[in-house]
Number of protein chains: 2
Amino acid sequence: MARTQGSHSDITGPRVRDAALRLFAQYGYAAVSMRQIAREVGVQAGALYNYTPDKQALLFSLLRGHMDELLEAWEAAPRPEGAVARLEGFVRFHIRFNLDRPEAIFISYMELRNLEPGNFAVIEAQRKRYESALEEILRDGQAEGAFSVPDTRLASYALIAMLTGVNTWYRAGGRLSIEEVADIYWDMVRKSVAIG
Amino acid sequence: MARTQGSHSDITGPRVRDAALRLFAQYGYAAVSMRQIAREVGVQAGALYNYTPDKQALLFSLLRGHMDELLEAWEAAPRPEGAVARLEGFVRFHIRFNLDRPEAIFISYMELRNLEPGNFAVIEAQRKRYESALEEILRDGQAEGAFSVPDTRLASYALIAMLTGVNTWYRAGGRLSIEEVADIYWDMVRKSVAIG
DNA sequence: GCTTGATCTGAACGGTTGTTCATATAACCT
DNA sequence: AGGTTATATGAACAACCGTTCAGATCAAGC
């Protein structure tokens, strides 16, 4: 059999990516086989190669797509006046964006080491671009006299780690809504960079 | 050939664990083969099974040993008066401990999903025990009126994530010493839970 | 209605995986 | 010195890996 009813590139393509994303997030890139992905899609392993040149390209494409989306969404976000308001915007944006796509976030942090060097460099540059947005806010706030952040580089690392950590414990339908979580985190972030 | 000069269980055993720790940290549990570990030790793959029943037990033993060491060290640490001082102690202890053994920390966070369910439960219980120490400090500080932390559970997650994040960027011999890093993090932590 | 091209199957490729085991050797004990 | 035992080899096992490809099948275009 081949080309069973309704099968089509427009359908199978995204399904391959979805299955790969889910499986990579759950078991890890190295632990997931192409046959496993194919089974999830309902297809033989060979058919996957209509949609990706190889397994590595599939991982890279997922990460690349995610980072593109992240940067695009961030650049489209409003840019209020004042470092404090911009920091609040960053915090809320980051938490919302991360909690909306936990699997993509997860593999973006876990599977970096499974990227070939060239692919790794691309993703790493994108990540740096995003993180430097936060550092810039901290620098501005320091210059404005709104923050007390002697080492903005280090503080940006600390805050990013704290915010990204939400994904390790948050479960939809839990005790708190996303907005409540964002409120609490924003409160801690605000104080951590405040003067005094 | 077998039993080449000076080879001994007391020597090979730790070398197997060291090699596994290093390789798991660098490439990930699933991506590392027993033959790779054996090569690093300078031995054939079969010989590894004198030191571990199987690959899974090797991973579990590494994580288990690490968590035991963590809990033991924490319980041996001084317990000063007052929640503020105890929080400072936790922050400095955590940063120092983590930066002292980056590989063990790394696999403890990355390879949890590669543990069989029973093994996972053991490690998870240990981690919870450690993290609840922080939450207890926050609760005490809240009761003392020294902190403003409405949700201590959530705040403990946030702080742990922030502190553990140090390992992703810190490199020995860099711009800052461990103590300088700890100073900066403690300043942020202190403010983030302060009143105001 | 026939042809063309996209899509999939199913088998095959060489290579690697974790693990076992009979066998050999070197170090220790008496 | 001789016997015992821990320790290692190296070959073998079945299973699985990523990837390729000829051939089958279906949908669409003329």
Side-chain angles (χ1 to χ4, degrees), chain A residues 1-21 23-24 26-63 107 111 113-119, chain B residues 1-21 23-24 26-63 107 111 113-119:
Chain A
M1 269 178 297
R3 218 17 142 86
T4 54
Q5 209 186 22
S7 295
H8 215 61
S9 172
D10 313 355
I11 298 174
T12 309
R15 290 197 358 120
V16 169
R17 295 172 57 87
D18 284 359
L21 179 67
L23 290 171
F24 288 167
Q26 183 162 10
Y27 303 109
Y29 172 77
V32 171
S33 71
M34 294 299 271
R35 285 174 178 83
Q36 223 171 126
I37 298 171
R39 197 182 320 131
E40 194 89 353
V41 176
V43 102
Q44 293 296 320
L48 297 182
Y49 291 83
N50 289 321
Y51 303 97
T52 180
D54 52 37
K55 193 187 177 190
Q56 166 73 201
L58 183 53
L59 174 63
F60 177 63
S61 161
L62 289 173
L63 294 192
I107 69 167
E111 304 299 350
R113 63 174 162 193
N114 288 119
L115 288 173
E116 288 165 5
N119 292 340
Chain B
M1 271 175 300
R3 238 340 164 98
T4 55
Q5 210 184 25
S7 296
H8 216 61
S9 175
D10 313 355
I11 299 175
T12 310
R15 289 196 0 119
V16 168
R17 295 172 56 88
D18 285 0
L21 179 67
L23 289 171
F24 288 166
Q26 181 161 10
Y27 302 108
Y29 172 77
V32 172
S33 70
M34 294 300 269
R35 286 173 178 81
Q36 224 171 122
I37 298 171
R39 197 181 319 128
E40 195 88 351
V41 176
V43 103
Q44 293 295 321
L48 297 183
Y49 291 84
N50 288 319
Y51 305 97
T52 181
D54 51 39
K55 192 187 178 190
Q56 166 73 202
L58 184 52
L59 174 63
F60 177 63
S61 160
L62 289 173
L63 294 193
I107 70 167
E111 304 299 350
R113 63 175 160 191
N114 288 119
L115 289 174
E116 287 164 5
N119 292 341

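Sequence lines set the chain letters: A, B, ... in the order given, protein chains first and strands last, and positions in each chain run from 1.
If you check C:dG18, D:dG18, C:dC8 against the side chain of A:T12, the one that comes closest is C:dC8. Nearest to the side-chain atoms of B:A47 among the listed nucleotides D:dT9, D:dT20, C:dT19 stands D:dT9. Looking at the side chain of A:R35, the nearest of the listed nucleotides D:dA8, D:dG18, C:dT19 is D:dG18.
C:dG18 atom P lies 12 Å from atom CG of B:N114, rounded to whole Å. Note: CD (B:Q56) to P (C:dT19) measures 9 Å, nearest angstrom. Rounded to whole Å, atom C1' of D:dA8 lies 18 Å from atom CZ of B:R39. Between A:M34 atom CE and D:dG18 atom P the separation is 7 Å, expressed in whole Å. We find that CD of A:Q44 is positioned 10 Å from C1' of C:dA11, with the value rounded to whole Å. Atoms CD1 (B:I37) and P (C:dT19) sit 10 Å apart, rounded to a whole Å. The interatomic distance linking B:I11 (CD1) with D:dA8 (P) rounds to 9 Å, in whole Å. B:L48 has its CG atom 10 Å from the P atom of D:dA8, to the nearest Å.
Along DNA chain D, the nucleotide nearest A:K55 and the nucleotide nearest B:G42 are compared for position; the residue whose nucleotide lies closer to the 5' end is B:G42.
Taken to the nearest 0.5 Å, the CE atom of B:M34 stands 3.5 Å off from the OH atom of B:Y49. Atoms CD1 and CG, on A:I107 and A:L23 in that order, are 11.0 Å from each other to the nearest 0.5 Å.
Residue B:S33 places at least one side-chain N or O under 4.0 Å from the OP1 or OP2 atom of C:dT17. Considering only side-chain N and O atoms, A:Y51 lies under 4.0 angstrom from the phosphate OP1 or OP2 of C:dC8.
Using a 4.5 Å cut-off on side-chain heavy atoms (C-beta onward), B:E111 and B:L62 make no contact.
When the options A:V43, A:V32, A:T52, A:L21 are evaluated for a side chain to side chain contact (heavy atoms under 4.5 Å, CB included) with A:I37, the one that passes is A:V32.
Without hydrogens or angle criteria, A:R35 side chain to A:A45 main chain gives no donor-acceptor distance under 3.5 Å.
Note on A:V32: only backbone sugar-phosphate atoms sit closer than 4.0 angstrom, heavy atoms only; bases stay farther off.
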